[in-house]
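Take a look at the structure below.
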Amino acid sequence: MMAMGINYSSMIVQWKPLSGAEFGGVPKGYRVLYTNNTGNWNNLTVDTSQVELVITGLSSYTNYTVKVAGISSKGEGLWSLPALATTQG
């Protein structure tokens, strides 16, 4: 999984698709959490066909921490290691 600032208010997050077995149940999608390290996590959910997400409406010159987990019929899977991204100015 990687995350990178692409302009002053956006970042792109990309991850490898999980196999059906890695989901641990019927695949439902992916959950993406991100924070600017204030302690408040923002939660986005995308379907299983997506392996990247552009997050907009961010603050410029700001560091963000991002992590991704698969969601199945049995709940959330393991979270990725956190990635860091900085928006540009």
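The model shown is predicted, which means the values in this text are computed figures rather than measured ones. Just the heavy atoms: all of them, side chains too, but no hydrogens, waters or symmetry mates, feed the values below.
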(request) Measure across Ala69 and Gly77 and return the closest heavy-atom pair with its distance rounded to 0.1 Å. (result) CB-O, 3.9 Å
(message) For Glu52, is there any backbone N or O sitting under 3.5 Å from a side-chain donor or acceptor partner on Tyr30?
(response) no
(message) With rounding to the nearest 0.5 angstrom, report the OG1 to CE distance, Thr86 to Met11.
(response) 9.5 Å
(message) Treating Thr35 as the side-chain partner and Asn40 as the backbone partner, does any N or O pair qualify as donor plus acceptor under 3.5 Å?
(response) yes
(request) Measure across Gly70 and Leu18 and return the closest heavy-atom pair with its distance rounded to 0.1 Å. (result) CA-CD1, 3.8 Å
(request) State the CD-CG distance between Glu76 and Leu33, to the nearest 0.5 angstrom. (result) 7.0 Å
(request) From the options Val13, Leu53, Val68, Val66, select the one residue that forms a side chain to side chain contact (heavy atoms under 4.5 Å, CB included) with Tyr34. (result) Val66
(request) Flag yes if Met1 and Val32 sit in one hydrophobic cluster, no otherwise; membership is Ile, Leu, Val, Met, Phe, Trp, Tyr, and two members link when side-chain heavy atoms are under 4.5 Å apart. (result) yes
(request) Indicate if Leu44 and Leu58 have the same hydrophobic cluster label, given that clusters are the connected sets of ILVMFWY residues with side-chain heavy-atom separations under 4.5 angstrom. (result) yes
(request) Of all the heavy-atom pairs spanning Gly20 and Pro27, show the shortest one and how long it is. (result) CA-CG, 4.4 Å
(message) Using 0.5 Å steps for rounding, measure from the NZ atom of Lys16 to the CE atom of Met2.
(response) 12.5 Å
(request) Look up atom OG1 in Thr45 and atom CZ in Arg31, then write down how far apart they are to the nearest 0.5 Å. (result) 4.0 Å
(message) For a quick test of reading the model, state the closest non-hydrogen atom pair linking Met4 to Ala85 and the distance between them.
(response) N-CB, 3.7 Å
(message) Within this structure, what is the CD1-OH distance for the pair Ile55 and Tyr64, rounded to the nearest 0.5 Å?
(response) 9.5 Å
(request) Identify whether Val54 and Val51 are in the same connected component of the hydrophobic contact network (ILVMFWY, side-chain heavy atoms under 4.5 Å). (result) no
(request) For the pair Ser72 (side chain) and Phe23 (backbone), establish whether a donor and an acceptor sit closer than 3.5 Å, ignoring hydrogens and angles. (result) yes
(request) Can you see which heavy atom on Lys67 is nearest to which on Ser80, and at what distance? (result) CA-OG, 3.5 Å
(message) When you measure from the side chain of Thr62 to the backbone of Thr87, do you find a donor-acceptor pair of N or O atoms at a distance under 3.5 Å?
(response) no
(request) Please name the pair of heavy atoms, one in Ser60 and one in Gln88, separated by the smallest distance, quoted to 0.1 Å. (result) CB-O, 3.4 Å
